[in-house]
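Heads up: the structure comes next, in structure tokens.
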Amino acid sequence: NYQCLQDQNGQYNSLAECQAACISIPSGYVLKFEDHFDKSTLDTTKWRKTGGNVSVSNGNLVLGANGQGGEVRGYGTNQNYLFAFTYGYVECRAKLAEAGSNKGFSNQLWLAQFSDQWEIDVTETATGPIDNGDNYYGINKNNSTYHWGHYSGSKGTKYNTGLNLSNDYHLYSMEWTPDFVRFLFDGTETLKVASSQAPITNTDMCLIMGLCTKTNTGDPNDCWPTTQAPSGNASLYVDYVRVYQKGTVTKYRCTGSPDYQCVQDANGPYNSLAECQAACIKPTIKNRTTGSTDYQSEQDAKGPYKSLTEHQ
């Protein structure tokens, strides 16, 4: 239902914060990958630090500190993918690096592949003051771009959110199918690139997240779209990142009496076989006395005796 409910153990501190994150994903998708950054250090089974300052703190991935950027990538030192996928729905809840006088930093969440022929930029937002002009600069701009053919072609948007994206967390999303690539900000579509407009890649890609600083160097950590040297101190905070793909969720239900077996059921209440088995336990058969006049033993689930022998 994607509704916000009161829960003393919930992760959101206000209704507005919950509503910003509680946005329905397209139908037919199931969760394939996620990281909530709730460990004390970076999960190296999912990410490799590739530069700068990277830390995990208070349930956030913190990229950049002390005037430096920071970056993590979803592949290892031998360019082996730690997690890669073809087609899916990506969402990232993040608070971008603070603006104000801080310039020269670029908040980035993107998908890449080793051939470097394709790139999908979910967000590339440069730090700096609010800018309502027709350019890529300003902490209010959510820049999203689809690149193809070794950057021979691209289509992008300079979406003006009307917000200072360093003040709060927002949801940055992208859907990639054989027919289109589309970008969303807080659940609102900002750009859709159809296969009639551009070739849509069908090759595995991995996630990259960073606060970048190396301007116009050609370095993999190059800090487009900004052209200014970094100044000030800034950090990009990532609450979580998730990847969904088309598929079906396998659920289970308990058959109940008399066999108490766990069987697959798309509408079942249990999300795993282990969860079902923990709940689907055949009750112990107990006994009770019939009392006067025959004083016979008969089965009764609520009876006080655990065995026929004990009762007799």
Side-chain angles (χ1 to χ4, degrees), residues 35-44 46-77 82 90-112 119-131 136-145 161 163-174 185 206-242:
D35 198 340
H36 285 261
F37 306 105
D38 50 5
K39 297 183 178 180
S40 58
T41 59
L42 184 70
D43 187 343
T44 55
K46 298 177 179 178
W47 310 101
R48 179 170 70 95
K49 175 185 172 181
T50 50
N53 286 311
V54 176
S55 62
V56 175
S57 177
N58 297 321
N60 282 260
L61 173 66
V62 184
L63 299 167
N66 302 320
Q68 297 184 33
E71 185 184 71
V72 296
R73 298 191 174 204
Y75 60 79
T77 55
L82 300 175
V90 178
E91 64 177 10
C92 175
R93 185 173 184 265
K95 182 169 71 169
L96 304 190
E98 63 179 299
S101 61
N102 296 324
K103 298 179 180 179
F105 295 96
S106 180
N107 300 273
Q108 301 194 353
L109 167 64
W110 51 297
L111 280 70
E119 180 179 318
I120 304 176
D121 301 319
V122 182
T123 186
E124 284 187 316
T125 298
T127 60
I130 297 289
D131 187 294
Y136 285 98
Y137 303 96
I139 195 62
N140 55 311
K141 301 289 183 63
N142 179 37
N143 305 307
S144 303
T145 310
T161 66
L163 303 168
N164 184 331
L165 299 177
S166 67
N167 284 346
D168 208 344
Y169 289 85
H170 295 278
L171 204 59
Y172 303 85
S173 309
M174 182 276 300
F185 173 78
C206 72
L207 293 168
I208 301 175
M209 296 185 292
L211 183 67
C212 301
T213 60
K214 297 181 179 179
T215 60
N216 299 321
T217 61
D219 185 278
N221 201 27
D222 198 346
C223 187
W224 191 93
T226 186
T227 57
Q228 304 176 73
S231 64
N233 185 26
S235 296
L236 164 61
Y237 295 88
V238 179
D239 179 24
Y240 65 79
V241 60
R242 297 172 182 154

So which atom in [X] and which in [Y] form the shortest heavy-atom distance, rounded to 0.1 Å?
X    : Y   : result
I208 : E71 : CG2-OE2, 3.7 Å
V56  : T41 : CG2-C, 3.7 Å
V54  : L61 : CG1-CD1, 3.9 Å
L211 : A97 : CD1-CB, 3.7 Å
T50  : R73 : OG1-CG, 3.7 Å

Quiz prompt | With Y237 via ring pair (Phe, Tyr, Trp, His ring centres under 6.0 Å) - residues at least two apart | solution = none
Hey, is the main chain of [Y] close enough, under 3.5 Å, to the side chain of [X] for a donor-acceptor pair?
X    : Y    : value
N53  : G70  : no
R48  : Y75  : yes
S106 : A126 : no
T161 : K141 : no

Residues in side chain to side chain donor-acceptor pair (under 3.5 Å) contact with [X], at least two apart in sequence or another chain:
X    : answer
T123 : T125, N142
N60  : Y169
E119 : Y151
T44  : none

List for me each residue that meets side chain to side chain contact (heavy atoms under 4.5 Å, CB included) alongside [X], sequence neighbours excluded, and say none if there are none.
X    : value
D43  : D35, K39, T45, K46
S57  : V62
I120 : L111, Y146, M174, W176, V181, F183, M205

Quiz prompt | Among D168, N167, L165, the one residue meeting side-chain contact (heavy atoms from CB on, under 4.5 Å) with L96 | solution = L165
Look up atom [atom1] in [X] and atom [atom2] in [Y], then write down how far apart they are to the nearest 0.5 Å.
X    : Y    : atom1 : atom2 : result
L109 : L207 : CG    : CG    : 6.5 Å
D38  : N58  : CG    : CG    : 12.0 Å
L236 : K95  : CG    : NZ    : 10.5 Å

